[in-house]
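On a predicted model such as this, the values are computed, not experimentally measured, just so you know. The analysis underlying the following values was restricted to heavy atoms, covering all of them including side chains, and did not include hydrogens, waters or symmetry mates.
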Amino acid sequence: PPACGRLDTNEAYIKSLGSANEVYILGKKVKDYVRHPIIAPSVNAVAETFRLAADNPELGTATSQLTNSKVNRFTHVCVSVDDVVAQSKMQRELGQRTGVCFQRCVGMDAINAC
């Protein structure tokens with residue numbers, strides 16, 4: 001997909017990863033890095049953030065104040081206490097679903113720090 005393509009499903013996210021030119025893991029070139037045992041848990045955890053938005057839009061999405069459209073809560077700028085509470089509930093649910101780091105909190109924290 002194009003660099004500005006929309007990633008709104010777990011399938012679209014995983015498919016977007018296939019466009020990498022060369023990936024090396026522990027010094028060895030890996031053809032199917034998305035399924036590599038070292039990388040797959042992180043790929044699956046990030047994919048789960050998209051799946052949550054589809055499975056439970058009340059928890060995984062929010063209405064953007066910038067576009068007035070639904071966006072993944074990980075890309076939403078909090079504007080209220082309710083947004084912060086929903087963000088925390090979403091992170092708790094993802095932790096229960098994945099049991100691992102889901103790789104997106106730092107970006108979300110940076111968005112909301114401004």
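Salt-bridge formation is not detected for the pair Asp82/Lys89: no Lys NZ or Arg NE/NH1/NH2 atom is positioned less than 4.0 Å from an Asp or Glu carboxylate oxygen. Using a 4.0 Å cut-off between a side-chain N of Lys or Arg and a carboxylate O of Asp or Glu, Lys15 and Glu11 do not qualify as a salt bridge.
Between Asp83 and Arg73 there is a side-chain heavy-atom pair separated by less than 4.5 Å. Considering only heavy atoms from C-beta on, Asn10 stays 4.5 Å or farther from Glu48 through its side chain. Between Asn56 and Glu93, the closest side-chain pair of non-hydrogen atoms is not below 4.5 Å. Between Leu52 and Arg97, some side-chain heavy-atom pair lies under the 4.5 Å cut-off. Between Phe74 and Gln87 the shortest side-chain heavy-atom distance does not fall below 4.5 Å. Put simply, the side chain of Val34 reaches to within 4.5 Å of the side chain of Ile14, judged on heavy atoms. For the pair Val30/Ile39, no side-chain contact is recorded, criterion being any heavy-atom separation below 4.5 Å from C-beta on.
Closest approach of Cys101 and Ala45 over heavy atoms only: O-CB, 3.5 Å. When every heavy atom of Ala54 is checked against every heavy atom of Pro57, the shortest pair comes out as O-CD, 3.7 Å. When all heavy atoms of Thr61 and Ala53 are compared, the closest pair comes out as CG2-CB, 3.7 Å. In terms of heavy atoms, Val71 sits closest to Thr67 at CG1-OG1, 4.4 Å.
Side-chain atoms of Thr75 come within 3.5 Å of backbone N or O of Asn72 as a donor-acceptor pair. Side chain of Tyr33 to main chain of Leu17: a donor-acceptor pair is present (N/O by atom type, distance under 3.5 Å, no hydrogens or angles).
In terms of the salt bridge (charged side-chain N to carboxylate O under 4.0 Å, His left out) criterion, Arg92 has no residue partners (sequence neighbours excluded). For Lys28, there are no salt bridge (charged side-chain N to carboxylate O under 4.0 Å, His left out) partners two or more places apart in sequence or in a different chain.
The cluster map of Ile, Leu, Val, Met, Phe, Trp and Tyr, joined by side-chain heavy atoms under 4.5 Å apart, puts Ile25 and Val46 in the same cluster. Both Ile38 and Val43 are part of a single hydrophobic cluster, where members link through side-chain heavy atoms under 4.5 Å apart.
Counted within 6.0 Å of CG on Asn68, heavy atoms from surrounding residues, nucleotides or ligands total 12 or fewer; the atom is thus considered open.
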### Task
Could you check Gln65 against Val77 for side-chain contact (heavy atoms from CB on, under 4.5 Å), going step by step and ending with a plain yes or no?
CA-CA 8 Å; Gln65 189 176 19; Val77 178; over 6 Å; no
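Note that the NZ atom of Lys70 and the NE2 atom of His76 stand 9.5 Å from one another [nearest 0.5 Å].
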